[in-house]
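A quick note: this is a predicted structure, and the numbers were derived from the prediction, not measured. Reckoned from all heavy atoms, side chains included, excluding hydrogens, waters and symmetry mates.
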Amino acid sequence: MALTIVLIAFAVIVFIQFIYYLFIFGKFSFGSKTDGTPKRLPISIIVCAKNEEENIKKYFQTLVTQNYPDYEIVLIDDASSDETLELFEAYEKQYANVKLVKVQNNEAFWGNKKFALTLGIKAAKNEYLVFTDADCYPSGNDWLLQISSQFTKEKTIVLGYGAYEKVKNSFLNKIIRFETMLTATQYFSWAKIGKPYMGVGRNLAYKKEEFFNVRGFMDHMKIRSGDDDLFINQAANKKNTTILYTPESFTFSEPKTTFSSWMYQKRRHATTAKFYKGFDKFQLGLFFITQFWFLVLAIVLLAFQFQWMIVIGIIVFRYLFTWISLGYAAGKLKEKDVMYWYPIIEIVLIFTQLSVFFRNLISKPVHWK
């Protein structure tokens with residue numbers, strides 16, 4: 001009797017996952033892309049940096065050489081202790097469209113990227129703002145052109161894809177890129193449904209009025225992270241948000257190369273999710289719970305060999321529809337190679353997320369830099 005109940009619970013969990021992967025994630029995986037009309041809107045690129053000297057040297061030229069007629073680059077130095085400020089000062093003198101914002105240590109907001117970004121947003125002369133990080137670079141010179149094409153009178157928030165570079169012969173790199181692809185599939189899909197809940201600061205754009213409509217970061221200023229996802233969770237809605245995932249619109253970052261550094265990054269990102277709207281926390285929690293219990297109940301049922309043919313059939317069915325859905329998404333985001341390792345990576349991520357949850361209960365990483 002007990003194992004029968006376990007089998008029923010197992011089938012229900014797989015059914016819930018079927019809904020997620022086919023009817024929710026399918027909105028992105030199988031949906032058609034939204035073609036935009038090229039525009040020449042005045043744009044301000046905003047880059048906030050704290051002790052990013054080496055990355056700035058590597059990537060600044062990718063910003064200043066954009067194939068776009070009317071844009072400025074707002075460089076924000078958040079009280080760096082290396083040569084970041086000196087580099088920014090040199091760029092401001094060299095390029096007419098570069099504006100420097102210097103942020104001094106402020107006792108009330110010390111170490112808070114949101115305070116620095118707020119100063120940069122206020123200093124930007126243009127209404128349309130495009131955000132990326134100092135350790136990121138766009139995929140090409142048409143990045144701004146791609147982003148501007150998605151802005152309309154109604155669509156004033158554009159969610160982009162922030163990819164990570166591929167590293168040969170690195171399983172950790174495949175895990176990182178798979179998780180990034182899965183996360184993007186989730187927030188792109190919910191945005192297409194009309195319930196956007198997050199974006200990534202590596203590749204994000206919005207009109208300045210959206211910032212001021214929600215009082216900027218004021219409602220979550222004391223939370224060190226979340227300048228991207230918490231802001232989008234508050235400001236984005238069905239009417240004002242669109243997504244962009246053409247390869248020319250991607251940005252790239254160097255991925256972490258050690259498991260410990262990646263774990264710390266995940267722990268920092270995870271601290272913001274509990275501040276999402278109630279429905280967003282529910283749907284994200286339900287998705288993870290079904291992933292975890294699918295694995296646990298499958299092991300239990302197979303260990304007891306209870307109705308093993310039915311159980312194996314359900315498992316095969318589950319991996320078939322998840323592989324198809326994520327495979328299409330991975331193709332759109334140019335991450336197809338990670339799908340060869342999908343079942344193993346999924347198991348690793350389940351236990352990684354559990355570890356992050358319990359470790360964050362004990363102590364929380366709070367530093368911006």
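Using modelled atom types, one finds a donor on one side chain and an acceptor on the other under 3.5 Å when comparing Ser44 with Glu72. When only modelled atom types and interatomic distance are considered, Asn240 and Tyr206 share no side-chain donor-acceptor pair under 3.5 Å. Checking Tyr137 against Glu165 by side-chain atom types alone, a donor-acceptor pair falls below 3.5 Å. For Tyr164 and Glu179, the side-chain atoms include no donor-acceptor pair closer than 3.5 Å. No side-chain donor-acceptor contact under 3.5 Å links Thr132 and Thr251.
Shown here for Ser29 and Thr185, the closest heavy-atom pair between the two residues is OG-CG2, 4.3 Å. Contact between Tyr276 and Lys281 at its shortest, heavy atoms only, is O-CE, 3.3 Å. Nearest heavy-atom pair, Leu22 versus Phe30, reported as atom, atom and distance to 0.1 Å: CD1-CE1, 3.8 Å. Of all heavy-atom pairs between Asp133 and Gly201, the closest is OD1-O, 3.9 Å. Of all heavy-atom pairs between Asp78 and Lys113, the closest is OD2-CA, 4.3 Å. Residue Lys50 comes nearest to Ser80 through the heavy atom pair CA-OG, 3.4 Å, listed as atom of the first residue, atom of the second, then distance.
In this structure Leu295 satisfies the side-chain contact (heavy atoms from CB on, under 4.5 Å) test together with Ile299, Ile347, Ile350, Phe351, sequence neighbours excluded.
Residue Glu209 places its CD atom among more than 12 non-hydrogen atoms of other residues, nucleotides or ligands, all under 6.0 Å distant. By the neighbour-count criterion of 12 heavy atoms within 6.0 Å, atom OH of Tyr319 is densely surrounded, having more than that number from other residues, nucleotides or ligands. Atom NZ of Lys336 has 12 or fewer heavy atoms from other residues, nucleotides or ligands within 6.0 Å. The 12-atom threshold is exceeded at CZ of Phe171, counting heavy atoms of other residues, nucleotides or ligands nearer than 6.0 Å. Environment of CH2 in Trp293: sparse, with no more than 12 heavy atoms of neighbouring residues, nucleotides or ligands closer than 6.0 Å. Annotation: Lys277, atom NZ; neighbour count of heavy atoms from other residues, nucleotides and ligands within 6.0 Å is above 12.
A salt bridge links Glu53 with Lys57; the closest basic N to acidic carboxylate O contact falls under 4.0 Å. Classification of Glu254 and Lys58 as a salt-bridged pair holds, one side-chain N sitting under 4.0 Å from a carboxylate O. Using a 4.0 Å cut-off between charged nitrogen and carboxylate oxygen, Asp337 and Arg177 count as a salt-bridge pair.
Annotation: Phe357 is not in aromatic contact with Phe288 [ring centroid separation under 6.0 Å not met]. Checked against the 6.0 Å centroid threshold, Tyr59 and Phe252 do not count as a close aromatic pair. Aromatic ring centroids of Tyr197 and Phe279 lie 6.0 Å or more apart. If you look at Phe60 and Tyr95, their ring centroids are closer than 6.0 Å. Less than 6.0 angstrom separates the ring centroid of Trp262 from the ring centroid of Phe259. For Tyr21 and Tyr328, the distance between ring centers is not under 6.0 angstrom. Under the 6.0 Å cut-off for aromatic ring centres, Tyr161 and Tyr245 do not qualify, their centroids lying 6.0 Å or more apart.
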* Asked: Under the ring pair (Phe, Tyr, Trp, His ring centres under 6.0 Å) criterion, do Phe25 and Phe188 qualify, and how do the steps go?
  -> CA-CA 8 Å; Phe25 300 167; Phe188 280 159; over 10 Å; no

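At least one donor-acceptor pair closer than 3.5 Å links the side chain of Thr152 to the backbone N or O of Glu154. Not a single donor-acceptor pair under 3.5 Å links the side chain of Asp228 to the backbone N or O of Val200.
For the pair Lys332 and Phe28, the cation sits on the ring face: its NZ or CZ lies under 6.0 Å from the ring centre, inside 45° of the axis.
Contact of the Glu346 side chain with the Gln291 side chain is registered, since non-hydrogen atoms from C-beta on lie closer than 4.5 Å.
Cluster annotation: Leu333 is connected to Tyr20 through the hydrophobic network of ILVMFWY side chains, with a link wherever side-chain heavy atoms come within less than 4.5 Å.
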